[in-house]
Amino acid sequence: MKKFYTVIVLSLLIAVPLAQGKAVTTSPLDFAQVTYVKALQSEQGSWCFTTQVQHNDQGWEHYADAWQVVDMEGNVLAERKLAHPHDNEQPFTRSLCEINIKTNVHKVMVRAKCNVHGWGGKTVTVNLLNDVGKDFKVQRSQ
């Protein structure tokens, strides 16, 4: 009876925050984490984001499967799909270029997701007006 009660209580503790739209994790790497971003602006004005992601990939059943560049209002500006698990390559880095960001947008968030837990891990907010910041570097075209 104790085991049954424990399972119910734990289920409720997990289900309630999920129902409220809050991420719940038992381990930092259950969710995909963005650990570093380099943003490079081309002469034409588009951007290339090179993003480092860390996750506890466990084969095809549980792996980081995408990352996004999102403006501060929540609009997705670009998404990089990740086609396979990276079990033996952690953290891993992938790039996505030709991202068009309006000139009045000065901050963006880069977030990653996994195919089991979705979004909810560590994000990096990139201030496109700064050369460097916490977990990011920016290089603008001259």
Side-chain angles (χ1 to χ4, degrees), residues 3-142:
K3 286 183 183 180
F4 180 72
Y5 180 76
T6 302
V7 170
I8 290 175
V9 170
L10 288 175
S11 297
L12 289 172
L13 289 174
I14 292 169
V16 171
L18 286 176
Q20 295 173 347
K22 296 178 183 174
V24 175
T25 182
T26 57
S27 164
L29 295 179
D30 281 350
F31 287 89
Q33 313 287 324
V34 176
T35 57
Y36 192 78
V37 176
K38 181 176 179 184
L40 173 64
Q41 188 180 36
S42 72
E43 290 180 12
Q44 294 76 29
S46 67
W47 291 86
C48 184
F49 277 66
T50 301
T51 301
Q52 185 178 68
V53 175
Q54 189 167 10
H55 181 260
N56 187 21
D57 282 11
Q58 299 169 11
W60 292 99
E61 293 77 32
H62 187 193
Y63 71 101
D65 64 349
W67 58 263
Q68 293 179 333
V69 178
V70 181
D71 69 19
M72 301 315 285
E73 285 77 45
N75 300 305
V76 176
L77 305 176
E79 180 172 286
R80 168 70 195 254
K81 299 281 187 185
L82 302 169
H84 59 86
H86 296 89
D87 298 29
N88 299 316
E89 182 188 357
Q90 290 293 324
F92 62 94
T93 304
R94 295 296 180 272
S95 297
L96 181 62
C97 298
E98 299 192 25
I99 301 170
N100 294 311
I101 300 175
K102 294 178 182 177
T103 56
N104 66 335
V105 174
H106 303 297
K107 285 185 180 180
V108 295
M109 178 182 62
V110 182
R111 63 184 183 179
K113 72 178 271 289
C114 75
N115 65 333
V116 172
H117 297 99
W119 309 102
K122 178 184 177 291
T123 63
V124 171
T125 299
V126 178
N127 184 332
L128 298 171
L129 300 177
N130 291 351
D131 292 339
V132 66
K134 182 171 172 29
D135 299 326
F136 75 86
K137 180 178 180 179
V138 174
Q139 187 175 347
R140 289 172 300 285
S141 64
Q142 301 300 326

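Position 1 is the first residue of the sequence; numbering continues from there. No experiment lies behind these values; they were computed from the predicted model shown.
- Using the six-membered ring where Trp is involved, His117 and Phe31 have ring planes that are tilted, between 30° and 60° apart.
- Distance check, rounded to the nearest 0.5 Å: CG of Asp135 to OG1 of Thr123 gives 9.5 Å.
- For Ala32 against Val53, the heavy-atom pair with the smallest separation is CB-CG1, 4.2 Å.
- Between Asp65 and Cys114 the shortest heavy-atom distance is OD1-C, 3.6 Å.
- Contacts classified as salt bridge (charged side-chain N to carboxylate O under 4.0 Å, His left out) and involving residues 94-103 (residues at least two apart or in different chains) are given here: Glu89-Arg94.
- Across every non-hydrogen atom of Leu77 and Ile101, the tightest pair is CD1-CG1, 4.1 Å.
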Test Asp131 against Arg140 for side-chain contact (heavy atoms from CB on, under 4.5 Å), laying out the working first.
-> CA-CA 8 Å; Asp131 292 339; Arg140 289 172 300 285; 2.7 Å; yes
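- Residues Trp67 and Phe49 approach most closely at CH2-O, 3.5 Å, considering heavy atoms.
- Listed by chain and number, the residues in a salt bridge (Lys or Arg N to Asp or Glu O under 4.0 Å) with Lys38 amount to none (sequence neighbours excluded).
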Show your reasoning for whether side-chain contact (heavy atoms from CB on, under 4.5 Å) applies to Met72 and Thr125.
-> CA-CA 9 Å; Met72 301 315 285; Thr125 299; 4.1 Å; yes
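- Considering only residues two or more places apart in sequence or on other chains, Gln68 meets the side-chain contact (heavy atoms from CB on, under 4.5 Å) condition with Val70, Val76, Glu79, Arg111, Trp119.
- Put simply, the side chain of Asn115 reaches to within 4.5 Å of the side chain of Tyr63, judged on heavy atoms.
- Contact of the Trp47 side chain with the Gln139 side chain is not registered, since no non-hydrogen atoms from C-beta on lie closer than 4.5 Å.
- Judged purely by atom type and a 3.5 angstrom limit, Ser141 uses its side chain to pair as donor or acceptor with the backbone of Ser42.
- When all heavy atoms of Val34 and Ala112 are compared, the closest pair comes out as CG2-N, 3.6 Å.
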Run the numbers on Leu82 and Phe92 for side-chain contact (heavy atoms from CB on, under 4.5 Å), then give the verdict.
-> CA-CA 11 Å; Leu82 302 169; Phe92 62 94; 3.7 Å; yes
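- The backbone N or O of Lys122 lies less than 3.5 Å from a partner atom in the side chain of Gln33, making a donor-acceptor pair.
- For the side-chain contact (heavy atoms from CB on, under 4.5 Å) criterion with Val37, the lone passing option out of Val110, Val138, Thr50, Thr93 is Val110.
- If you take CG on Asp71 and CE on Met109, they are separated by 9.0 Å, rounding to the nearest 0.5 Å.
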